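Have a look at the structure below, then the notes.
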Protein chains: 2
Amino acid sequence: MISKRAKYAIKTILFINDHPELAPMSAKLISEKEHIPYKFLENILRDLKSHQLVKSVRGAEGGYTLGKDPEGISIAQIMRIVDGPIALIPCVSERYYEPCSECEDEETCRIRKLFNELRTEMLPVLERSITTLK
Amino acid sequence: MISKRAKYAIKTILFINDHPELAPMSAKLISEKEHIPYKFLENILRDLKSHQLVKSVRGAEGGYTLGKDPEGISIAQIMRIVDGPIALIPCVSERYYEPCSECEDEETCRIRKLFNELRTEMLPVLERSITTLK
DNA sequence: ATTAATCCTATCTAATTGGTAGGAATAATA
DNA sequence: TATTATTCCTACCAATTAGATAGGATTAAT
């Protein structure tokens, strides 16, 4: 299961992308329209900003805009920022790899092999640009 | 990420299936060979038993055997028992469905659509019989 | 000066994860 | 029959994570 944080982050990015006419978009508005607790949303936005997924404008009339071309933003990117690995076990994660403490031989581990295959199936779905979501 | 509980459960089922000559298999042996904390393993086995994935024989020389034909056991089954849903958001889970509290319209939700597609890609991998794992 | 924003640090509560403790019940076998 | 090896059961516990909330400093438009 992904966290609420991740779901909120995805909603936020989609909402900003859907409403270019309201740029820069205030956290208050996002919070109200997407039913995300305001202070929690602030945290999430800070996280997204530190990873360049959004940019901010300070002061009155300020708010957030996407940090890069929406074509280049995927759900996978957002998930990795807020939840960490996409893979379901750490020993098959590319970016967050960690060996399993009790595993005897990673090369022949059937569990690892299966979850590696699983990750391979998952990635293309999650790495599509957010602009392709309908 | 799946829990350690789930990984231990999978290892346990595979180990029992791999060693029919040691049936019934004691928790002590599984614990030692697969490096799973004994008391924790007991919990997991109880859980697997209550879902008919293993059967037990009590007393000295007792232990555990598979609760059904290994052809009929999948990683998905084990994961559902110990971790719950396979789907990454509750609103696309078949067996553990729950609506998203903040969602306005499930039918048109793009996030839901994507994660539903994701689940559809994941299931065939996880629902293969454990006997096919190499 | 006021107001509406972002930014920052810190704190809090509840649930979950990963595990442990202690012992009762059962059955093989010496 | 006593011992031993096992499953079975209830309860507890510590650390971490999830999901926020609090309070205020900073910035900029009006």
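Bear in mind the structure is a predicted one, so any value in this text is a computation, not a measurement. First the proteins, then the strands, lettered A, B, ... as listed; each starts at 1.
When rounded to the nearest whole Å, the span between CG of B:Leu41 and P of C:dG19 equals 11 Å. Remark: C1' of D:dA18 and CD1 of A:Ile36 are 16 Å apart, rounded to the nearest angstrom. B:Glu32 places its CD atom 13 Å from the C1' atom of D:dT6, with the value rounded to the nearest Å. For the pair A:His35 NE2 and D:dG19 P, the computed distance is 18 Å after rounding to whole Å. The distance from atom CD1 of B:Ile44 to atom P of C:dT17 is 12 Å, rounded to the nearest whole Å. B:Asp83 has its CG atom 12 Å from the C1' atom of C:dG18, to the nearest Å. Here D:dA22 presents its P atom at 14 Å from CZ of A:Phe40, a figure rounded to the nearest Å. With rounding to whole Å, A:Arg5 atom CZ is found 10 Å from D:dA20 atom C1'.
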Could you go over nucleotides 14-16 of chain D and give all protein N or O partners under 3.5 Å, atom names and distances?
none

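Of the inter-residue distances, the one linking A:Leu48 atom CG with A:Tyr8 atom OH reads 14.5 Å to the nearest 0.5 angstrom. From B:Leu114, atom CG reaches atom CG of A:Leu126 across 6.0 Å, with rounding to the nearest 0.5 Å.
What you find for B:Val92 and B:Arg119 is that their closest heavy atoms are O-CD, 3.1 Å. In this structure, B:Arg5 and B:Phe40 approach most closely via the heavy-atom pair NH1-CE1, 3.5 Å. Summarising the geometry of A:Thr65 relative to A:Pro24, their closest heavy-atom pair is CG2-CA, 3.9 Å, with the distance given to 0.1 Å.
In this model, no donor atom of one side chain and acceptor atom of the other lie less than 3.5 Å apart for A:Ser74 and A:Glu127.
By the 4.0 Å N-to-carboxylate-O rule, A:Asp18 lies close enough to B:Arg110 to be salt-bridged with it.
Heavy-atom contacts from other residues, nucleotides or ligands closer than 6.0 Å to NZ of B:Lys28 number 12 or fewer.
Contact check for A:Glu34 versus A:Thr12: no side-chain heavy atoms found under the 4.5 Å cut-off.
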request  = Summarise protein proximity over nucleotides 5-15 of chain C in one line of letters, 5' to 3': B for base, S for sugar-phosphate only, - for none, counting protein heavy atoms closer than 4.0 Å.
outcome  = SBBBB------
